[in-house]
Amino acid sequence: MKRRDFFKNSGLAALGAGFSVSLGLESASAAVPDNALINAGKTGSANTSEGKNWGDKPVEHFTTYFPDFADNNIWVRRDNQVFTCYRTGSSQKYPYFYPLTGPVSRASIAAESAMPWPHHRGVFLGIDRVNGGNYWQMTREDGQVLSQGPKLISVEKDSVEFTDSCLWKKPEQDPIIEDNRRYVIQWRNDNLYTLDLYYDWNALVDVEIQKTNHGFFGIRVEEELAPWGGGNILTSEGGTSEADSAGKPANWVSYYGKRRCNPDITEGVAVFCPDTPFAPHDRCPWFVRDYGNISPMPFLFVEDGYVFKYPKGTKMSLAWRVAVFAGTPAEIDLNGLWKEFYNK
C-alpha cells in the first residue's frame, strides 16, 4: 500500500494526546506536512494524492497514523477505534504496546504502569542485570532500549506490518546490543487476532546476563484477566494457577476473565513461546504471576550464580506470538495457533 499525505488541521493537538483526526475533503487546502502519514487498509480505496478519500467512513479495516511531526509512535485503528499504539519515545525505558484492545470490548487487555510493579508497561521487551546495567527498570541512566524509529511496511484490510531497530545503551556510552524487530498484526475473525514479533539480537560487545526474573518478552495484563482480579490462568500443559505454572515448561500461557467494562464479555490473551529458546532449557519455562504478568523466562530458572554469556558478534533470532481473543481458551485453538506459528 502507498503512503498518503496527512493534512494538518486544528485537531493536530489531538494526535499528540493519542487521538487520530478525521479529515473531510474540505481540509484539502490546509498545510501539508510532508512527513505526516495516514495509511488506509481499506480494500479498493484510493491511496494517492490524486484520489483522496478522507471523507470515506473507515469501517471494518485497519488504518495507521504515523505523525512524524508529533511523535514517533505508530497508532493503529480498526473500525475507526483505537486498536493499539506502538510507543517509542526517547524518554522511555523501552518501546512497548499500549493499549492492546480486546476484539469485542475494545478495552485494553494490557495494563499500563499497573501496581504493584508500575515499571511493567503493556507488551514489553527488556532485561535487567545486563553488563552491570538494567534495561528493564530503574532509571534511563541505568540502561535504555532506544528505538531508532519504526518503519511502516504495509497496511491491508486485516493486517498491519512494521519494523523497528533498537540500541541497548546507557546515555553517553556506546551501545552493547542492537536488535531488529518485525511486528505483524493479523485480524483473524471477530473474536481473534494475533500479534507476531520476529526478533533478531546482536551482541556488539561481550554480553553477560545474570540470573534474573526480569527478562525479554512479556505482557502485563489488566487485573480483571488475572487471578487477583477474578480472572483465570491456563497453560498448554493444564496449569491453572501461579503455583502450577511458574517455572514450568509450556508452549503457551493464557489469562482470561470477564471484562470490568461489561461483565457479559469474556476476553483473554495467550503468549506463545518456542520449545527450545535458550540453553540450558529444553523447553520454554515461564514467569507467571497472579497479579497479571506473563513472560517466557529463560534467565530465572537456573542455579544461583549462573551467567548467560554471549561473546561479541553473537546473533540470535527469536519469535513470539500473542493471541487476543473473545471467549475462553477452550473456544480458541491455541495449540493450532502455536503449531501454525512455529511450523510444527
Side-chain angles (χ1 to χ4, degrees), residues 1-3 38-45 47 58-66 73-87 95-110 122-125 150-164 180-200 217-219 221 236 251-256 267-274 294 296 317-329 331-344:
M1 305 297 292
K2 296 181 179 179
R3 293 180 172 182
I38 284 183
N39 301 272
K42 184 176 180 182
T43 300
S45 64
N47 288 302
V59 296
E60 297 181 355
H61 66 89
F62 279 127
T63 306
T64 66
Y65 298 79
F66 190 14
N73 299 336
I74 293 182
W75 287 87
V76 182
R77 299 176 75 90
R78 184 171 176 85
D79 302 339
N80 206 24
Q81 299 179 35
V82 171
F83 182 81
T84 191
C85 181
Y86 181 65
R87 301 168 182 264
Y96 66 101
F97 285 90
Y98 180 82
L100 190 67
T101 61
V104 174
S105 72
R106 297 303 168 94
S108 183
I109 58 91
V123 182
F124 55 82
L125 197 156
K151 293 180 173 58
L152 191 62
I153 303 302
S154 67
V155 186
E156 304 295 340
K157 181 176 183 292
D158 289 324
S159 66
V160 175
E161 181 176 351
F162 61 93
T163 62
D164 195 9
N180 294 287
R181 47 187 80 180
R182 179 167 65 95
Y183 297 101
V184 180
I185 300 171
Q186 291 182 295
W187 188 267
R188 303 301 187 103
N189 56 57
D190 288 345
N191 294 314
L192 173 68
Y193 68 87
T194 53
L195 166 61
D196 297 337
L197 167 57
Y198 302 90
Y199 184 76
D200 294 323
F217 183 66
I219 295 182
V221 304
S236 63
N251 292 339
W252 51 263
V253 172
S254 175
Y255 285 48
Y256 64 99
E267 290 179 325
V269 58
V271 180
F272 299 73
C273 185
I294 315 173
S317 292
L318 301 167
W320 297 279
R321 165 168 282 183
V322 176
V324 183
F325 55 88
T328 68
E331 299 170 275
I332 305 296
D333 184 11
L334 295 179
N335 288 324
L337 288 170
W338 185 90
K339 292 177 181 178
E340 170 195 279
F341 188 57
Y342 292 112
N343 298 313
K344 299 296 182 181

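Quick note: numbers below take in every heavy atom, side chains included, and nothing from hydrogens, waters or symmetry partners.
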To the nearest 0.5 Å, how far apart are [atom1] in [X] and [atom2] in [Y]?
X	Y	atom1	atom2	value
Leu337	Phe272	CG	CZ	5.0 Å
Tyr256	Glu267	OH	CD	14.0 Å
Asp333	Phe325	CG	CZ	12.0 Å
Phe62	Glu161	CZ	CD	13.0 Å
Asp158	His61	CG	NE2	10.5 Å
Glu331	Leu192	CD	CG	11.5 Å

Please check: side-chain N/O of [X] versus main-chain N/O of [Y], any donor-acceptor pairing under 3.5 Å?
X	Y	answer
Trp187	Asn189	yes
Ser108	Thr101	no
Thr84	Pro99	yes
Arg188	Thr194	no
Trp75	Thr63	no
Arg106	Gln81	no

Shortest non-hydrogen contact from [X] toward [Y]:
X	Y	result
Pro274	Ala319	CD-O, 3.5 Å
Cys273	Pro296	SG-CB, 3.5 Å
Ile332	Asn191	CD1-O, 4.5 Å
Asp190	Pro103	O-CB, 3.7 Å

Open item on the list: Among residues at least two apart in sequence or on other chains, which ones pass ring-ring contact (aromatic ring centres under 6.0 Å, His included) with Phe162?
Closed with: Tyr86, Tyr183
TODO: Tell me, with the steps shown, if Val160 and Leu152 meet side-chain contact (heavy atoms from CB on, under 4.5 Å).
DONE: CA-CA 8 Å; Val160 175; Leu152 191 62; 4.2 Å; yes
- [ ] Tell me whether the guanidinium CZ or amine NZ of Arg78 lies under 6.0 angstrom from the six-membered ring centre of Phe83 and within 45° of its axis.
- [x] no
Task: Any side-chain heavy-atom pair of Phe97 and Val76 under 4.5 Å - done: no
Task: Within the 6.0 Å centroid threshold, strictly below: Phe341 and Tyr198 - done: yes
Task: For Asn180, all residues meeting side chain to side chain donor-acceptor pair (under 3.5 Å), sequence neighbours excluded - done: Ser165
Open item on the list: Walk me through whether Phe217 and Val271 qualify under side-chain contact (heavy atoms from CB on, under 4.5 Å).
Closed with: CA-CA 9 Å; Phe217 183 66; Val271 180; 4.0 Å; yes
Open item on the list: Quick check on side chain to side chain contact (heavy atoms under 4.5 Å, CB included): which of Ile219, Leu195, Leu125, Val123 does Trp320 satisfy it with?
Closed with: Leu125
